[in-house]
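Working notes, beginning with the structure itself.
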Amino acid sequence: MKPLPRLALAALPLLALPGAPPLPARADAPPPPGTHTRTIAMGRWQRPYLLHVPEGRPARGRLPLVVALHGGLNDAAYLTRQSRLNDQADRHGFAVAYPNGLLGTWNAGGCCSVARVAGVDDVGYLDRLLDTLVREGLADPRRVYLTGFSNGGGMAYRYACERPGRVAAVGVVSGSLASHCRPRERVSVLAFHGTADFSVPYHGGGNLDFDVRVPFLPVRWVMDIWRRLNGLPALARPYLDRGRTRCRTTGRGPDGTEVALCTVDGGGHEWPTATGRAGVDGSAVLWRFFRAHPRPPAAPGG
């Protein structure tokens, strides 16, 4: 989510023009196992995404769906390699959708150019993506999860703020809340963040974008926002301690929601891996959290 160099953007072919090779999703054609390149129509544009359906998927029955949002100036293909979420999907039986942001960016509210400056409707894009995969019979609407890295993490937060009834839990890596947030329903949240992250500083600071002179919130402030929205206590309970990673949680509330923070001592702006500084497989930890948190029933009168 650091300021984005303008000159590098033209080299990222992340927006398909009408008539481009990727095929739009069809409601009458449930996707087979494997990784597929698909598109979502947004006006005159075809917005591309990758969809991974796990091997051994049963002929019938809906799957949990993880929507994974890449970081700034990256793309869907990069995130598949960075996160290795497909390995977890094949092991545990969930689908993963990897949307592409406009020229490598997401409109997460206060960040990031080019998508923010252009006013791209990325919330609408994710709405249509979820509508498609639920309509096809692939995704279970009670088990939709968002994860994202950096700018993608900010977009995951924004979507959870604006569409809490569609998301069971959010898992953000090295990202920050960059938008107004007053969801009407509760959402479970897990965040990974390194103490030596200079792009999205752990203790806050810097600027949300090259022309947005608003500092990033401290990570603990962001987690406090989510736990208070969920009516949860302080993050005081041990959740995981391994390598340089220490995770603390609020514990579950009466409706099953939970907020947890995994702090990587000395960790930078990176996806946590078992062989890296974190000492844990971040994707495995995210899925463990997601699996334990289907979307709770709506509150009475909500």
Side-chain angles (χ1 to χ4, degrees), residues 64 66 68 82-85 87-89 91-92 94 143 145-150 153-154 156-157 160 164 167-177 181 183 185-204 216-296:
V66 175
Q82 180 187 34
S83 68
R84 301 186 67 86
L85 271 166
D87 293 344
Q88 294 294 320
R91 187 172 299 125
H92 297 288
F94 61 91
R143 294 184 294 167
Y145 308 100
L146 262 65
T147 186
F149 177 73
S150 191
Y157 278 147
V167 181
V170 173
V172 167
V173 178
S174 298
S176 185
L177 181 65
C181 192
E185 298 182 43
R186 297 177 177 183
V187 180
S188 293
V189 175
L190 170 67
F192 269 96
H193 213 106
T195 60
D197 186 339
F198 298 109
S199 296
V200 182
Y202 188 87
H203 297 291
F216 289 102
L217 294 174
V219 172
R220 289 194 174 272
W221 288 18
V222 173
M223 305 314 291
D224 279 344
I225 289 171
W226 283 109
R227 72 172 184 81
R228 287 171 180 169
L229 288 170
N230 286 344
L232 296 170
L235 290 101
R237 300 186 184 183
Y239 184 76
L240 174 71
D241 285 291
R242 189 177 306 158
R244 297 194 178 192
T245 300
R246 187 179 72 168
C247 304
R248 294 294 178 264
T249 177
T250 59
R252 291 173 180 266
D255 61 357
T257 54
E258 182 176 7
V259 173
L261 171 63
C262 292
T263 298
V264 182
D265 183 31
H269 198 64
E270 57 197 352
W271 194 277
T273 64
T275 57
R277 187 179 297 272
V280 299
D281 183 337
S283 295
V285 175
L286 285 169
W287 174 245
R288 170 187 162 191
F289 185 83
F290 288 163
R291 182 175 56 191
H293 295 89
R295 184 162 58 87

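All values below come from the heavy atoms of this structure, side chains included, with hydrogens, waters and symmetry mates left out. Quick caveat, the model's predicted, so the values are computed rather than measured.
- Taking the centre and axis of the six-membered ring of Y239, the NZ or CZ atom of R288 falls inside the cone set by 45° and 6.0 Å.
- With hydrogens and angles ignored, the 3.5 Å screen pairs no side-chain donor or acceptor of S174 with any backbone N or O of S150.
- At least one side-chain heavy atom of D241 sits less than 4.5 Å from a side-chain heavy atom of R248.
- Classification of the F149-W271 ring pair by plane angle, with boundaries at 30° and 60°, yields tilted.
- Taking all atoms of both residues into account, the shortest heavy-atom contact from Y145 to A168 is CE2-CB, 3.5 Å.
- Looking at T249, its side chain never comes within 3.5 Å of a backbone N or O of R237 through a donor-acceptor pair.
- Ring-plane geometry between F94 and H92 is classed as parallel, the angle between the planes falling under 30 degrees on a 0 to 90 degree scale with a further cut at 60.
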Report task. Start with the C-alpha distance between R186 and D255, add both sets of side-chain angles, then the distance that settles salt bridge (Lys or Arg N to Asp or Glu O under 4.0 Å), and finish with yes or no. Result -> CA-CA 9 Å; R186 297 177 177 183; D255 61 357; 3.8 Å; yes
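- With hydrogens and angles disregarded, a donor-acceptor distance shorter than 3.5 Å links the side chain of R227 to the backbone of L232.
- Panel note: side chain T147, backbone G171; a donor-acceptor pair is recorded below 3.5 Å.
- Distance alone, capped at 3.5 Å, places no donor-acceptor pair between the N230 side chain and the V259 backbone.
- Between the D197 side chain and the S199 main chain, a donor and an acceptor come within less than 3.5 Å of each other.
- Distance alone, capped at 3.5 Å, places no donor-acceptor pair between the T250 side chain and the L235 backbone.
- No donor-acceptor pair under 3.5 Å is formed between the side chain of H293 and the backbone N or O of R143.
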